[in-house]
Amino acid sequence: MTEGSALNEEVGSPALRELLAEIDTALADAEQAFGRAGDLAALEEARIAYLGKKGRLATLNQRFGQLAADEKPLAGKQLNARKAEIVRLDAERREQLERAEIERRLEAEAVDVTLPGAAVPTGRLHPIEQTRRQVEAIFRSMGFRVTESPEVETEWVNFEALNILSDHPARDMQDTFFTDRGKVLRTHTSGNQIRTMTELEPPLAIVSTGKVYRCDSDVTHSPMFYQMEGYLVDKAISMGHLKGVLESFIHALYGAKVGTRFRPSFFPFTEPSAELDMACVFCSGSGCRVCSQTGWLEVLGCGMIHPVVLRNCGIDPEVWSGFAFGLGLDRITMLKYGIDNIRLLYENDLRFLSQF
Ligand code: PHE
């Protein structure tokens, strides 16, 4: 940009010298203005101010009219050279600003891959549902099929067909929820035996889980709770089959080492009847609060299906025999996790439920 300076002082008319000086000043000003432009928008404004149609160089161009004809080529050459220089400065500054802009964005949008991820809270299965699936899977693996039946049940299915006659205490208002249509909320899942055995021919191996209802409420009883019914009907089925299946079940659920015992019991729909106990999972049989110092926990009721029940379903007890068992899924769940209050299972408190 100093190339023409000597020339300015020595040659041409005052008008030419003045114009050449202004062209130089324009270049110096443009360089400053581009340098001051802090972003691309400001630079564009500066570019228009110098190189635009009505910009400073265009204005200087108009002054050529005041020059003598032989001075015009020199001024034109000078103006073009300075203009080229200004165009170059503009491009240089633009590149600088673009690079700065990219750096700035890279910094602003930087992702710290070492930051710990944000955990997405996920739902999970209710502990009773987990138990239900686990228990069903064990019986499925032994060849049992899963069926369902209604929660609002006829008295025939829930009681009579199961040999629970009308004078039985279980049929008292104290224990059973009656609906206004002469039906009951099923008090156990044993009615599933009646529904399925009436419909299907033996041989049968069925389990059925679901809600049952009783007028009962304390720390170990809830008016609504869950049971699983299981039964198997075939030829020459004995108590031995019952023991084998239930011991396999307990071992699958609590481990092969846990001890079991059968105690005689009574149910109107099984004969003989028994209750299955297993060695207390909390004290391994030495006696604790959970097993009331007995070393044993009651797990389920069972027995050989009463001939009257088979006959009520149209199955000939001279040809077929079977066993049945019923267990509380709530109880299994409470034993599994050492939960001592059944209400915790039904209050839907996430602080409790998220532990499983
Ligand atoms: N239905 C019985 C109860 O609710 C359990 C049971 C089922 C017992 C099948 C024997 C056979 O307590």
Side-chain angles (χ1 to χ4, degrees), residues 128 132 135-136 139 144 146-151 153-165 168-172 174-177 184-197 204-216 220-233 237-239 241-247 249-250 260-278 297-310 312-313 315 317 320-332 334-335 342:
I128 292 180
R132 187 179 73 84
V135 166
E136 266 184 22
F139 282 105
F144 284 73
V146 178
T147 68
E148 279 181 27
S149 51
E151 286 173 34
E153 199 43 286
T154 61
E155 293 198 53
W156 164 256
V157 168
N158 193 75
F159 295 126
E160 264 120 42
L162 286 163
N163 202 30
I164 307 171
L165 304 177
H168 193 280
R171 303 190 56 167
D172 202 293
Q174 305 275 302
D175 299 305
T176 305
F177 291 106
V184 297
L185 297 187
R186 64 176 176 188
T187 57
H188 54 181
T189 44
S190 297
N192 182 272
Q193 288 183 44
I194 305 304
R195 289 204 168 258
T196 307
M197 292 197 297
L204 295 170
I206 308 282
V207 289
S208 180
T209 53
K211 294 181 183 118
V212 301
Y213 303 84
R214 287 182 203 173
C215 299
D216 212 350
T220 53
H221 296 91
S222 154
M224 186 279 290
F225 58 105
Y226 286 82
Q227 278 193 338
M228 169 185 268
E229 192 79 9
Y231 45 98
L232 183 146
V233 182
I237 294 301
S238 72
M239 214 53 191
H241 297 111
L242 166 65
K243 287 186 73 175
V245 166
L246 292 181
E247 272 168 9
F249 163 63
I250 293 297
T260 55
R261 73 175 183 189
F262 286 81
R263 270 183 302 110
S265 185
F266 174 79
F267 300 101
F269 35 91
T270 48
E271 181 59 35
S273 302
E275 259 163 80
L276 172 64
D277 295 347
M278 68 173 187
L297 297 168
E298 288 176 22
V299 181
L300 54 81
C302 58
M304 301 308 292
I305 300 176
H306 200 294
V308 166
V309 174
L310 291 175
N312 283 340
C313 299
I315 295 173
W320 305 99
S321 55
F323 65 77
F325 57 90
L327 57 91
L329 291 177
D330 310 68
R331 187 164 165 75
I332 298 277
M334 290 167 77
L335 291 179
I342 196 170

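Read the numbers this way: they start at 1 and go in the same order the structure lists the ligands and their atoms. Here the structure is a predicted model, which is why all the values come from computation and not from measurement.
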S.K.: For a quick check under 3.5 Å, do Asn158 and Thr187 share a side-chain donor-acceptor pair by atom type?
M.R.: yes

S.K.: Run through Phe249, Tyr231, Phe139 and flag the one making a ring pair (Phe, Tyr, Trp, His ring centres under 6.0 Å) with Phe325.
M.R.: Phe139

S.K.: Quick one: list whatever passes ring pair (Phe, Tyr, Trp, His ring centres under 6.0 Å) with Phe267, sequence neighbours left out.
M.R.: Phe269

S.K.: Run the numbers on Lys243 and Phe262 for side-chain contact (heavy atoms from CB on, under 4.5 Å), then give the verdict.
M.R.: CA-CA 8 Å; Lys243 287 186 73 175; Phe262 286 81; 3.6 Å; yes

S.K.: Could you tell me how the ring of Phe177 sits relative to the ring of Tyr213: parallel (under 30°), tilted (30 to 60°) or perpendicular (over 60°)?
M.R.: perpendicular

S.K.: Is it true that Glu298 and Arg263 have a side-chain N and a carboxylate O under 4.0 angstrom from each other?
M.R.: yes

S.K.: Protein N/O near ligand 1 N/O, under 3.5 Å, which pairs?
M.R.:
from, atom 1, to, atom 2, distance (Å)
ligand 1, 1 (N), His188, ND1, 3.1
ligand 1, 1 (N), Ser190, OG, 2.9
ligand 1, 4 (O), Arg214, NH2, 2.9
ligand 1, 4 (O), Gln227, NE2, 2.9

